[in-house]
Number of protein chains: 2
Amino acid sequence: MTATTSDEGAAVPVTIRDVARASGVHISTVSRTFSAPHLVNPETRVRVLACAEDLGYRPNRAARALITGRTHNIGLIIADIANPFFPPLIKAAESQARHRDYHVFVADTNEDPTAEEELVHALAKQVDGVLLCSPRMSNSLIEQLSREVPLVVVNRQVTGLPCVLMDVGQGARSAIEHLVGLGHRSIALLGGPRSSWTNREMRRAAGAAARAGGAQLTVLGPNAPTEVGGSAVAEQVRRSGVSAVLAYNDLMAIGLIEGLDALGVRVPQEVSVVGVDDITLSRLTRPKLTTVATPTGAAGRTAVDMLLQQDIESPRGARGSGAGTALGVRRTTAQVMLQTDLVIRDSTGPGPYARPARPLAAPRGPDPHCPAGPGIPTAATGDAVAS
Amino acid sequence: MTATTSDEGAAVPVTIRDVARASGVHISTVSRTFSAPHLVNPETRVRVLACAEDLGYRPNRAARALITGRTHNIGLIIADIANPFFPPLIKAAESQARHRDYHVFVADTNEDPTAEEELVHALAKQVDGVLLCSPRMSNSLIEQLSREVPLVVVNRQVTGLPCVLMDVGQGARSAIEHLVGLGHRSIALLGGPRSSWTNREMRRAAGAAARAGGAQLTVLGPNAPTEVGGSAVAEQVRRSGVSAVLAYNDLMAIGLIEGLDALGVRVPQEVSVVGVDDITLSRLTRPKLTTVATPTGAAGRTAVDMLLQQDIESPRGARGSGAGTALGVRRTTAQVMLQTDLVIRDSTGPGPYARPARPLAAPRGPDPHCPAGPGIPTAATGDAVAS
DNA sequence: CGTGACGCTGCAAAGGTTTGCAATGAAGTA
DNA sequence: TACTTCATTGCAAACCTTTGCAGCGTCACG
């Protein structure tokens with residue numbers, strides 16, 4: 001009869017001390033049995049393990065963290081869990097973390113910069129590092145927070161901090177070239193949140209690509225990066241008279257298509273629409289969405305790797321004179337840029353300046369209006385990855 | 001010059017002790033300044049707060065948790081974050097928790113019962129309680145785990161534990177009655193995961209309703225509760241010759257519609273499809289999905305409330321002789337059942353035994369085959385909540 | 001037989017915070 | 001004046017674990 005575990009209800013929390021008492025050894029031996037098994041006699045070890053099992057002992061991770069300075073948790077701060085862009089990233093990060101014996105805690109900020117900051121503070125001491133995904137707060141605040149807890153930023157470039165980026169610039173360029181190749185010369189860009197790095201990148205790249213292709217780009221926004229954000233601008237898109245739209249986001253693209261549909265504007269017959277992300281949903285709506293696929297899974301994995309690598313090379317343990325949770329010297333500050341891919345489906349079609357479908361034996365002569373800038377490398381158009 | 005906060009890089013973690021030194025009081029006074037302000041002299045308080053602000057002090061929640069036994073965190077274990085059913089629940093839970101000064105940590109299990117168990121253990125000491133959403137593990141295991149950490153179960157009935165349930169039985173009944181009312185007599189039920197409580201409830205209720213309505217119910221499954229799970233059974237649905245399908249889930253319903261489409265079977269002209277959940281997506285696909293709306297937001301809020309209530313009434317603090325983290329005496333064991341609602345959209349239409357569209361002045365006489373069970377309260381059919 | 005090495009274990013401090021209790025001093029009451 | 005009350009603060013134990021150091025016994029080697 002040691003620490004009685006009453007079988008019904010209310011279990012008394014069993015600590016390392018109970019196990020020590022039960023197995024007749026010192027608590028340090030029990031501790032070592034779990035954290036440094038090779039240091040304890042095999043016989044003792046099995047006895048201790050048996051007692052622990054018997055009592056249902058589980059090490060208190062909070063107490064352990066207090067002294068080691070390592071929680072074996074990582075935090076994942078997400079702008080909006082409801083955006084289907086994120087779950088694949090979350091799952092990839094989780095699986096990668098699990099392989100390294102880490103747990104992931106996800107927190108949602110509702111696109112609110114204040115919530116972001118508060119969450120970083122709240123997580124700081126309970127995790128070994130934080131992945132900041134598509135943050136909405138300022139770069140300077142991010143830098144400041146990075147002094148409190150190791151940070152890896154996803155979808156945002158912050159100098160001096162490790163970042164995982166997706167090449168949406170390249171993606172936007174491909175999309176514009178695709179549209180230009182289809183004969184569109186008047187294109188709208190549906191902007192996302194103002195504080196989004198992705199948004200700025202797309203704008204820059206799309207502008208340049210349009211200029212190079214002899215097309216005119218109208219920027220509409222900023223808008224909420226959701227379906228309603230997209231459907232809300234449908235009227236504006238129609239009035240603007242463009243024949244094609246590149247949306248910040250698949251969700252917005254889908255919302256826009258809905259909105260246009262409600263206005264009696266057909267996609268892609270009257271307006272072509274391209275999204276970004278290639279969320280699962282984009283394959284399920286009609287028309288299926290042409291979109292720029294982003295490597296979300298790879299981003300999650302990479303981000304976790306970078307965070308853990310950074311943790312490992314820094315001093316572990318908060319013992320001694322102090323520099324606590326893995327801060328300090330020489331942090332990896334690598335910035336990784338991942339490729340994106342244009343996936344052509346059914347929401348894009350020939351525009352007003354389109355050349356005839358079959359280059360040879362064309363029924364109608366080539367469109368005289370087409371000023372098709374000479375050297376545009378019109379990326380794969382007809383025969384691409386179409387679903 | 002007290003604890004120097006080197007401005008570039010590597011900040012030394014500042015503790016309560018630093019603040020005490022800086023403001024010339026004992027650490028206990030600093031502690032009280034934060035956790036029991038009314039106990040300290042206003043003048044002292046402002047001085048301490050100023051120093052704390054100055055040094056950038058933040059209480060170490062892990063250490064605090066170690067002694068109070070309260071982390072002010074709650075864990076949220078989710079079967080599959082990628083299922084759009086969950087985000088609204090997560091967000092509602094988060095917002096409710098935030099109001100009560102709690103943080104929510106979300107973890108995804110990939111529908112894996114083992115991961116579920118492991119996650120509960122990992123979370124146990126780092127949160128004050130766990131919300132188990134649509135768990136896949138056994139009831140007995142859940143009961144056992146509930147001895148380690150306060151638990152609230154969502155979408156599963158476990159006797160002796162607080163549960164938040166959605167009345168999918170009622171939902172399935174309404175759906176079947178709707179279909180029967182439309183003239184369907186041969187209906188399939190697309191089952192979900194075997195270990196799902198919702199699945200069993202639906203099966204039971206749908207079976208009863210079909211019997212009452214004089215229709216025949218074929219159960220197909222179990223299946224993965226995803227689009228691919230749905231599209232995978234399209235062929236089987238076609239072969240079975242049913243004219244209507246009730247799917248476990250909107251995702252499956254949408255997948256099924258896709259799959260049928262690929263086989264050239266049109267919805268709702270040839271087969272009617274009803275989903276469950278009313279995820280945002282169900283309004284965006286064509287045809288728009290008829291579905292049983294579940295109150296996910298309410299479920300999230302209620303679950304958090306029940307958990308916190310349970311925490312509050314139990315002994316706080318792990319001081320004294322012990323019953324530690326909020327276990328014990330008289331836990332609330334309420335089981336809440338939330339209403340569901342049938343939302344009729346475009347994926348359901350008249351079946352083979354349909355009565356003519358206009359009851360009066362019918363062009364064709366009433367179908368002689370229709371054995372329409374006398375007293376079926378065919379819930380709102382034509383003029384319902386249609387989008 | 002003495003010495004050193006080694007394997008195993010115990011001791012105690014440390015990590016950052018909370019909190020019951022006691023001490024201090026001032027104000028109020030009799 | 002003596003005694004009580006009250007507000008404020010300090011003291012130190014406690015939470016659970018890890019870990020450097022030292023002690024002990026055993027064994028091998030010289």
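Order of the sequence lines sets the chain letters (A, B, ...), proteins ahead of strands, with each chain counted from 1. Computed over heavy atoms, backbone and side chain alike; hydrogens, waters and symmetry mates excluded.
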Margin query: Once rounded to the nearest 0.5 Å, what's the spacing between atom CZ of Arg100(B) and atom CG of Leu307(B)?
Written below: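 Result: 11.0 Å between the selected atoms.
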
**Asked** Do we see a donor-acceptor contact under 3.5 Å between the side chains of Gln126(B) and Asn73(B)?
**Response**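 Looking only at side-chain atoms, Asn73(B) and Gln126(B) do not form any donor-acceptor pair under 3.5 Å.
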
| said: For a quick check of understanding: with a heavy-atom distance under 4.0 Å over all strands, which category does Ser28(B) fall into, base, sugar-phosphate or nothing? | reply: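 If one applies the 4.0 Å heavy-atom cut-off, Ser28(B) turns out to touch a base.
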
Note to self: Once you apply a heavy-atom cut-off of 4.0 Å, does Ser31(B) come out as touching a base, just sugar-phosphate, or nothing?
What the structure shows: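 Ser31(B): base contact, heavy atoms under 4.0 Å.
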
Q.
Let's see if you can work this out: which of dT9(C), dA14(D), dT17(D) has an atom nearest to the side-chain heavy atoms of Ile67(B)?
A.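 Per side-chain heavy atoms of Ile67(B), the pick is dA14(D).
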
Find the distance [X]:[atom1] to [N]:[atom2] and express it as a whole number of Å.
X: Ile16(B); N: dG15(C); atom1: CD1; atom2: P; answer: 14 Å
X: Phe34(B); N: dG16(C); atom1: CZ; atom2: P; answer: 15 Å
X: Asp18(A); N: dC15(D); atom1: CG; atom2: P; answer: 11 Å
X: Leu39(A); N: dG10(C); atom1: CG; atom2: P; answer: 13 Å
X: Glu43(A); N: dC8(C); atom1: CD; atom2: P; answer: 10 Å

**Prompt:** Are Lys91(A) and Asp108(B) within salt-bridge range, i.e. N to O under 4.0 Å?
**Reply:**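 Salt bridge: yes.
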
Can you find a donor-acceptor N/O pair under 3.5 angstrom joining the side chain of Arg64(A) to the base of dG15(C)?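 No, no donor-acceptor pair under 3.5 Å.
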
